[in-house]
Visitor: 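I'd like to ask you about the structure that follows.
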Amino acid sequence: MSVVSAPVSAQQRARAMGLAPGVFAPGPNNAITDVVGVRVGHETVTMGDSVRTGVTAIVPHGGDLYRDRVPAALHVGNGFGKLLGVTQLRELGELETPILLTCTLCIWQAGEALAQYMLAKPENANVRSINPVVGETNDGQLNATRARPGIAAAVNRALSSADTGRVTEGSVGAGHGTVMFGWKGGIGTSSRKLPASLGGYTVGVIVQGNYGGVLQMAGVPVGQLLGRYAFQRDVARAAGSPPGGAFPGGVFPGDLGAERGDGSCMIVIATDAPILSRNLERLGARAVMGLARTGSSASNGSGDYVIAFSTSPRVRRSPDAPLSTNDEVGNEAMSALFQAVTEATEEALYDALLMATPVSTRAGRVNPLPRDSVRVLLDARGIRAPR
């Protein structure tokens, strides 16, 4: 099947395509902001013919984050990446700032801007230490990543614009220059609401998709059927066939690492379930299962990181409290949350692909996944859009 670029007007979230992973229902926005109090802001940075990057901010709640800290944890699927603030996050199991997502070489500028943002708050006038948490993926295929202009200003605008409600997805913010499976990647988000009998908790996920592999959607081998997948050249040579397919001249876009599925994915999980860092890390590990369902094998050159936090007031922490007393979800009650985060991660990654728009630079142009072709493949397997 030939690849046909879908028009921008054809952007559709996964559910509109019939892709609704799992058994649990999403929240009203089907976004991380369905966890009450969580806010998201984007700032997209476009300069000249070569800068295509940005910042996405995730704010856990609207209060004083430094003194009303949320428990948090990190899970590393594959550690080929840079993550600012990780040692203190792991040591203390808590967040004291918002989380930022940006480009690989932007994290230090972003971290400095986030520290200044927090220190400038009147209530933090006497604070002498701050731990900004900043994640990244390498958008160097489309972005002149060494340039790094305007990142500090972008951080401030992303934080000031952060809001609840619907979240813009696709080629925005930290997803402006990202690529997934050789097509345009970006920001995606999804949520799941557990039935009351399972606690009634909400789990929300937001992703910065910039990775490769062999794309599959609801088990359909989309990447192979569209002729674009990792190791394509080697597989073709081994079969004695010319490495043609969807790539002009049989050449996979990007460098050798891209052809081998390299890239990165940042995943941020929020939940209102009262969970401490130990079980939050277990929750993060299940998000990687959602990542794998899309066709990632977490290649050697992939930085796959998951940060999970709980907004529940029952488990928040004050840095001055001499004793912490928490009412936490038990281990046996975690299974439904594991299922929910796996489903939400898979769907968020589909949204990152399906909501992306074309991005062009001096280095070239990356088009989105051809949605019309994908719809044909899904229809043939009985996966149809809702009516």
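The chain is numbered in sequence order, starting from 1.
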Visitor: Search all heavy atoms of N210 against all heavy atoms of M180 and return the closest pair with its distance.
Guide: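 The answer is N-CG, 3.8 Å.
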Visitor: Is NZ or CZ of R69 both nearer than 6.0 Å to the six-membered ring centre of Y66 and within 45° of the ring axis?
Guide: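 Positive - R69 is close enough to the ring of Y66 and near enough to its axis.
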Visitor: Distance-only, no hydrogens or angles: does the T178 side chain make a donor-acceptor pair with backbone N or O of G175 under 3.5 Å?
Guide: yes
Visitor: Please check if the number of heavy atoms outside R166 that lie under 6.0 Å from its CZ is greater than 12.
Guide: no
Visitor: Applying side chain to side chain contact (heavy atoms under 4.5 Å, CB included) to L105 and R146, what does each step give before you reach the verdict?
Guide: CA-CA 7 Å; L105 293 182; R146 291 168 64 103; 4.0 Å; yes
Visitor: Strictly distance-based, threshold 3.5 Å: is any side-chain N or O of T33 a donor or acceptor partner for the main-chain N or O of G165?
Guide: yes
Visitor: Check whether any side-chain heavy atom of V288 sits under 4.5 Å from a side-chain heavy atom of H75, and report yes or no.
Guide: yes
Visitor: Shortest non-hydrogen contact from A72 to S277?
Guide: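 Nearest pair, atom of A72 first, then S277: O-CB, 3.3 Å.
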Visitor: Let me see the working for R39 and D163 under salt bridge (charged side-chain N to carboxylate O under 4.0 Å, His left out), right down to the final yes or no.
Guide: CA-CA 4 Å; R39 294 177 288 145; D163 203 356; over 6 Å; no
Visitor: Can you check whether L291's main-chain N or O pairs, donor with acceptor, with S296's side chain at less than 3.5 Å?
Guide: no
Visitor: What distance separates E91 CD from T87 OG1, expressed to the nearest 0.5 Å?
Guide: 8.0 Å
Visitor: Is there a side-chain contact between T361 and V51 (heavy atoms, below 4.5 Å)?
Guide: no
Visitor: Where do R233 and E259 come nearest, in terms of heavy atoms and distance?
Guide: N-OE2, 3.1 Å
Visitor: Side chain of S310, backbone of A273: donor and acceptor closer than 3.5 Å?
Guide: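 Yes: the side chain of S310 pairs with the backbone of A273.
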Visitor: How many angstroms lie between atom OG of S190 and atom CD1 of I206, to the nearest 0.5 angstrom?
Guide: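 Here the interatomic distance stands at 11.0 Å.
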Visitor: Using a distance-only test with no angle check, is there a side-chain donor-acceptor pair under 3.5 angstrom linking T168 and H42?
Guide: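 Absent: no donor and acceptor within the cut-off.
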Visitor: After noting the C-alpha distance and the side-chain angles of R13 and L354, does the key distance pass the side chain to side chain contact (heavy atoms under 4.5 Å, CB included) rule?
Guide: CA-CA 6 Å; R13 297 192 79 187; L354 293 167; over 6 Å; no
Visitor: Using a 6.0 Å cut-off, check whether atom CG of D64 has over 12 heavy atoms from anything other than its own residue.
Guide: yes
Visitor: Does one side chain, of T311 or D272, offer a donor that lies under 3.5 Å from an acceptor on the other?
Guide: no
Visitor: So I307 and M266, side chain to side chain contact (heavy atoms under 4.5 Å, CB included) or not? Walk me through it.
Guide: CA-CA 8 Å; I307 299 172; M266 283 296 310; 4.2 Å; yes
Visitor: Rounded to the nearest 0.5 Å, how far does CG of L119 lie from OG of S129?
Guide: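 S129 atom OG to L119 atom CG measures 9.0 Å (nearest 0.5 Å).
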Visitor: Is the shortest heavy-atom distance from the side chain of T294 to the side chain of F181 under 4.5 Å?
Guide: yes
Visitor: Taking atom types as modelled, find out whether N367 and R365 have a side-chain donor-acceptor pair closer than 3.5 angstrom.
Guide: yes
Visitor: Whether the side chain of R384 engages the backbone of L378 through a donor-acceptor N/O pair (distance < 3.5 Å, no angle test) should be reported.
Guide: no
Visitor: Look up atom CG in L349 and atom CG in L19, then write down how far apart they are to the nearest 0.5 Å.
Guide: 12.0 Å
Visitor: Any side-chain to backbone donor/acceptor pair from Q216 onto R293? Under 3.5 Å, distance only.
Guide: yes
Visitor: Please report the closest heavy-atom contact between S191 and D34, naming both atoms and the distance.
Guide: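 Minimum heavy-atom contact is OG-OD2, 2.6 Å.
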Visitor: Provide the closest heavy-atom pair for T102 versus G54 in the form atom of the first, atom of the second, distance.
Guide: OG1-O, 3.0 Å
Visitor: Could you tell me whether the side chain of N143 and the main chain of R52 form a donor-acceptor pair under 3.5 Å?
Guide: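 Yes; judged by distance alone, with no hydrogens or angles, the pair exists.
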Visitor: In the structure I gave you, are the side-chain heavy atoms of E94 and Q88 within less than 4.5 Å of one another anywhere?
Guide: no
Visitor: Verify the distance criterion only: is there a donor paired with an acceptor across the side chains of N30 and E347 at less than 3.5 Å?
Guide: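 Short answer, yes.
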Visitor: What I'd like to find out is whether the side chain of R228 reaches to under 4.5 Å of the side chain of L369, using heavy atoms alone.
Guide: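 The answer is no; the side chains never approach within 4.5 Å.
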Visitor: Roughly how far, to the nearest 0.5 Å, is CD of E328 from CG of L280?
Guide: 8.0 Å
Visitor: With a 4.5 Å cut-off on side-chain heavy atoms, are C103 and E136 touching?
Guide: no
Visitor: Under a single-linkage definition using a 4.5 Å side-chain heavy-atom cutoff for Ile, Leu, Val, Met, Phe, Trp and Tyr, are M118 and L100 assigned to the same hydrophobic cluster?
Guide: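 Linked, M118 and L100 end up in one cluster.
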Visitor: Please determine whether residues L95 and L159 belong to a single hydrophobic cluster, defined as Ile, Leu, Val, Met, Phe, Trp and Tyr linked transitively by side-chain heavy-atom distances below 4.5 Å.
Guide: no
Visitor: Is there a side chain to side chain donor-acceptor pair (under 3.5 Å) between N331 and R278? Walk through the geometry before answering.
Guide: CA-CA 10 Å; N331 290 336; R278 178 182 60 84; 3.0 Å; yes
Visitor: Taking the side chain as every heavy atom from C-beta outward, state whether L283 and L337 have any pair of such atoms under 4.5 Å apart.
Guide: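 Of all side-chain heavy-atom pairs linking L337 with L283, at least one is under 4.5 Å.
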Visitor: For side chain to side chain donor-acceptor pair (under 3.5 Å), just list the numbers for N78 and D304, CA-CA rounded to whole Å, side-chain angles, deciding distance to a tenth of an Å, and then say yes or no.
Guide: CA-CA 5 Å; N78 190 68; D304 303 313; 5.4 Å; no
Visitor: May I ask whether V329 and V341 are part of the same hydrophobic cluster, defined by side-chain heavy atoms of I, L, V, M, F, W, Y residues being less than 4.5 angstrom apart, directly or through others?
Guide: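 In one cluster with V329: V341, yes.
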Visitor: State whether a side-chain donor-acceptor pair under 3.5 Å links R67 with N124.
Guide: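 Looking only at side-chain atoms, N124 and R67 do form a donor-acceptor pair, the distance falling under 3.5 Å.
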Visitor: Linking I/L/V/M/F/W/Y whenever their side-chain heavy atoms sit closer than 4.5 Å, directly or via other members, would L114 and I58 fall into one cluster?
Guide: no
Visitor: Let me check something: do M289 and M217 share a hydrophobic cluster, defined by ILVMFWY side-chain heavy atoms less than 4.5 Å apart, either directly or through other members?
Guide: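 No, M289 and M217 fall in different hydrophobic clusters.
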Visitor: Working note: V268 + F309, criterion side chain to side chain contact (heavy atoms under 4.5 Å, CB included); need CA distance, chi angles, decisive distance, verdict.
Guide: CA-CA 8 Å; V268 178; F309 63 86; 3.8 Å; yes
Visitor: Where the side chain of N131 meets the backbone of G85, is there a donor-acceptor pair that is under 3.5 Å apart?
Guide: yes
Visitor: Minimum heavy-atom separation for V205 and T189, please, with both atom names.
Guide: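 Closest approach of V205 to T189, heavy atoms only: O-OG1, 2.7 Å.
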Visitor: Just so I know, are the side chains of V167 and N29 near enough to count as touching, which here means a heavy-atom distance under 4.5 Å?
Guide: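 Result no, sub-4.5 Å side-chain heavy-atom pair not found.
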Visitor: Report yes or no: is the cationic atom of R286 (NZ for Lys, CZ for Arg) under 6.0 Å from the centre of the six-membered ring of F338, at an angle within 45° of the ring normal?
Guide: yes
Visitor: Measure from the side-chain N and O atoms of H61 to the backbone N and O of D68, and report whether any donor-acceptor pair falls under 3.5 Å.
Guide: yes
Visitor: Can you list the steps and then say if R371 with S373 is a side chain to side chain donor-acceptor pair (under 3.5 Å)?
Guide: CA-CA 5 Å; R371 303 172 187 91; S373 298; over 6 Å; no
Visitor: If you count heavy atoms of other groups shown closer than 6.0 angstrom to CD of E332, is the number above 12?
Guide: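 No, the 6.0 Å shell around CD holds no more than 12 heavy atoms from other groups.
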Visitor: Give, for atom OG1 of T53 and atom CD of E43, the distance between the pair rounded to the nearest 0.5 Å.
Guide: 11.0 Å
Visitor: Tell me whether T164 contacts the main-chain N or O of G37 through its side chain, where contact means a donor paired with an acceptor under 3.5 Å.
Guide: no
